[in-house]
2 protein chains.
Amino acid sequence: MRLIWDDLRTVLMLVRHQTLAGAADALEVNYTTVARRVRRAESTLGQILFERLADGYQPTEIAKVVASHAEKMETSEFDLRRYLQGADSALTGTFTITAPQLLISSFLAPVLDDFDQAYPNIELRVLATNDILDLTRLEADLAIRISRNPGDTLKGLRLLKQETASFASPRLADHIRSHPTDMIDWIVYDTFPNVPKGTSPMFPNNRVRFRFDDMVAMLGAAQAGLGVLRVPLFLGRTTSGLEIVPVLPPQPYSDIWVVGHPDVWPSKKAQAFREVLIAHSKRSRSIFTSQAD
Amino acid sequence: MRLIWDDLRTVLMLVRHQTLAGAADALEVNYTTVARRVRRAESTLGQILFERLADGYQPTEIAKVVASHAEKMETSEFDLRRYLQGADSALTGTFTITAPQLLISSFLAPVLDDFDQAYPNIELRVLATNDILDLTRLEADLAIRISRNPGDTLKGLRLLKQETASFASPRLADHIRSHPTDMIDWIVYDTFPNVPKGTSPMFPNNRVRFRFDDMVAMLGAAQAGLGVLRVPLFLGRTTSGLEIVPVLPPQPYSDIWVVGHPDVWPSKKAQAFREVLIAHSKRSRSIFTSQAD
DNA sequence: TAAGTTATATGCGAAAATGCTTGTATGCGA
DNA sequence: TCGCATACAAGCATTTTCGCATATAACTTA
């Protein structure tokens, strides 16, 4: 019995995605190819691996066992690729980072510019997402994250401390300052559905007016004067049409970290990127806290 | 970077064998294919994996790392294949056993016959070798071994206790019995280069005359009357032209075991083979010891 | 020094794998 | 109930991979 390793990988992907098209996307092949590889695997194993149903391929118990072993193989592949990435001393090729969308324009854009100037032969790929990408699976080489915790197995470096404050449109800000005891409307994030704690006693009347699940939309609502917003200082300060209001005094917030997998961390490209990143962080420290205000 | 798993396996084989032809044999492909796959792997990794020398492909350090990861993948493959083998409840297909050559003709042949009669749809493959095959790598499904110890991770079942005794050609045996104090010539195995311990006091004069590294040759030499031989009872008894001589009284010897990997052990085919094996062992017990003499 | 052995390299035709296209079934929603 | 989207299946053409035959280089040995 001579198993084809790439057929095992194909079975793994089909078990994960349950449809030929899904597995084919993951493998970057035509879905017909997935179907044929699976048929071939079934015939060499002498076992039926999937039930062909109208809504996809349903894995049998045996297929799940096959997939679990293929998953171990995949882990070894990722281990290898991370090793190679870490050992790579070239300042050429591609380099992938990920960061929350809102950090890009206000903070990261100059870093990308500096890096591209300094290392024109490195093709920088930026994944702007709030999803926590899996650095173990090399979804990115480095991640910039807003979190006190760099993650379990990841190496991390704290770039910046930061604080939050309350922001509002200039009109609303004026009104609040001149009528501090009026009811103040808040725009809050879905996951923190109440008025932030720690509001100043000078502004005793607060209520939630809107809840959003998207920060960009919240900023838009605040720009339109719909309410007061609690955001990191850098974000409020770099968003036009917003100014700080003293309703909520500056409070410490999760720090900004650059994190990476220990295997990949020592690579020349990662080193280079961190240098540029740290230099820029030092320069822009004042945007993130009220200290230097 | 999209690595082809079977290319990694090819690199592993080439690191192991160091020549295209050797790796190609192991993979059962043409050696040209090995060369091409390795080139492809090198180009996708962007790394040179082997130095092409006159006497073969010399792996670089990176190739060794690649191979070590591919080896983990291979381990997972064997784990899977053993699992599938163990879960296989069919009494069809091939089944592989291994045993020392000398056990085959005298002891195992009837078992093979019985098994083939009882399970004509199973194609039995017999690897007659003194090498200890690696059951973890599925080089065989079951092994019949002469050893007190069934092995570290293997499951085992003791089939037979056995004893050794001294044998000689009829002519020599006659002479020894009639002239017990004459010098007795021994034919011994290279790894036990002295006269066996425990010779009877009735035959005080013993010396080594020949050392061999091959048991078949030793039996031939004994048949030709060149000396006395210590062999397991079953072997002396079933070899024509030899008879037992009382120089060395029967002594316990390593037992005969059937061993298998725990994963494969419960498979229907392995169960079936063990049943036939055990039945035959019980019937032929008397050949192996002096008890029933 | 010439023949033989053991390596790798390369060109060509056969075989295999792959992608594309068309056809069919099923479920969802206007 | 009629698209519409999503799934798989199957046939055909293309591309890729593979094996064979041949050539070349290094080393051994008579």
Side-chain angles (χ1 to χ4, degrees), chain A residues 1-64 66-67 70 73-74 77, chain B residues 1-64 66-67 70 73-74 77:
Chain A
M1 193 204 306
R2 176 154 298 280
L3 293 180
I4 297 173
W5 283 9
D6 286 290
D7 287 356
L8 297 180
R9 168 152 70 172
T10 303
V11 170
L12 169 61
M13 288 306 171
L14 189 49
V15 169
R16 281 200 183 134
H17 292 93
Q18 318 258 327
T19 71
L20 294 180
D25 277 359
L27 292 166
E28 293 176 14
V29 295
N30 191 280
Y31 76 99
T32 326
T33 302
V34 175
R36 280 187 286 236
R37 286 189 190 163
V38 167
R39 253 197 297 280
R40 183 171 55 194
E42 285 180 329
S43 93
T44 59
L45 293 176
Q47 297 281 357
I48 291 178
L49 295 175
F50 296 89
E51 280 186 79
R52 278 73 166 166
L53 300 181
D55 61 337
Y57 272 51
Q58 191 64 29
T60 62
E61 285 308 308
I62 290 175
K64 290 178 191 168
V66 172
M73 297 173 77
E74 189 195 41
E77 187 208 335
Chain B
M1 190 203 306
R2 175 154 299 280
L3 293 179
I4 296 173
W5 284 9
D6 286 291
D7 288 356
L8 297 180
R9 167 152 71 175
T10 305
V11 170
L12 169 62
M13 289 305 172
L14 189 49
V15 168
R16 282 202 182 130
H17 293 92
Q18 319 258 328
T19 71
L20 293 180
D25 277 359
L27 292 165
E28 293 177 13
V29 295
N30 192 281
Y31 74 101
T32 324
T33 302
V34 175
R36 282 187 283 234
R37 287 187 188 164
V38 167
R39 251 197 299 279
R40 183 172 56 194
E42 286 180 330
S43 92
T44 60
L45 293 175
Q47 298 279 358
I48 291 178
L49 295 175
F50 296 89
E51 281 185 78
R52 277 74 167 166
L53 302 179
D55 61 339
Y57 272 51
Q58 191 64 30
T60 62
E61 285 307 310
I62 291 176
K64 290 178 190 168
V66 172
M73 297 173 76
E74 189 195 39
E77 186 206 337

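Every chain is numbered from 1, with letters handed out A, B, ... down the list of sequences. Every value quoted in this text rests on a predicted model; they were computed, and no experiment measured them.
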Taking the side chain as every heavy atom from C-beta outward, state whether [X] and [Y] have any atom pair closer than 4.5 Å.
X       : Y       : answer
A:Val34 : A:Met13 : no
A:Arg37 : A:Val29 : yes
A:Leu45 : A:Leu3  : yes

Problem - Interatomic distance, A:Leu14 atom CG to A:Tyr31 atom OH [nearest 0.5 angstrom] - result: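 With rounding to 0.5 Å, CG (A:Leu14) is 13.5 Å from OH (A:Tyr31).
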Handout entry: Interatomic distance, B:Trp5 atom CH2 to B:Met73 atom CE [nearest 0.5 angstrom]
Key =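 Here the rounded value is 4.5 Å.
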Exercise for the section: Sequence neighbours left out, what passes side-chain contact (heavy atoms from CB on, under 4.5 Å) with B:Ala21? Give chain and number order. Expected result: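 With neighbours one apart ignored, the set is B:Thr19.
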Practice task
Quantify the bending of the helix from C:dT1-D:dA30 to C:dA30-D:dT1 as the angle between its end axes, each fitted on five pairs, to 10°.
Solution key: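 End-to-end axis angle: 10°.
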Handout entry: Atom pair distance, as rounded to whole Å: CG in A:Asp6 and C1' in C:dT18
Key =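 It works out to 14 Å between those atoms.
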Handout entry: Whole-Å gap separating P (C:dA16) and CG (B:Asn30)
Key =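 Rounded to whole Å, this separation is 15 Å.
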Practice task
Could you list all the ring pair (Phe, Tyr, Trp, His ring centres under 6.0 Å) pairs where at least one residue sits in residues 32-53 of chain B, not counting sequence neighbours?
Solution key: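 Listed by first then second residue: B:Phe50-B:Tyr57.
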Exercise for the section: Would you mind checking if B:Arg39 and B:Glu42 are paired as a salt bridge, meaning a charged N to carboxylate O distance below 4.0 Å? Expected result: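 Answer for the salt bridge query: no.
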Practice task
Please list, chain by chain and in numerical order, all residues satisfying side-chain hydrogen bond (donor to acceptor under 3.5 Å, both in side chains) with B:Thr44, sequence neighbours excluded.
Solution key: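 side-chain hydrogen bond (donor to acceptor under 3.5 Å, both in side chains) list for B:Thr44, sorted by chain: empty.
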Exercise for the section: Walking along DNA chain D from 5' to 3', note the first and the last nucleotide with an atom under 4.0 Å from a heavy atom of chain B, and give both. Expected result: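 Nucleotide range in contact with chain B: D:dT17 to D:dA26.
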Report, one pair per line, the protein and nucleotides 8-14 of chain C atoms (nitrogen or oxygen only) whose separation is under 3.5 Å.
residue	atom	partner	partner atom	Å
C:dT8	OP1	B:Leu20	N	3.0
C:dT8	OP2	B:Leu20	N	3.4
C:dT8	O4	B:Tyr31	OH	3.2
C:dA9	OP2	B:Tyr57	OH	2.7
C:dA9	N6	B:Tyr31	OH	2.4

Exercise for the section: Verify side-chain contact (heavy atoms from CB on, under 4.5 Å) between A:Gln47 and A:Thr60, making sure each step is shown before the conclusion. Expected result: CA-CA 10 Å; A:Gln47 297 281 357; A:Thr60 62; over 6 Å; no
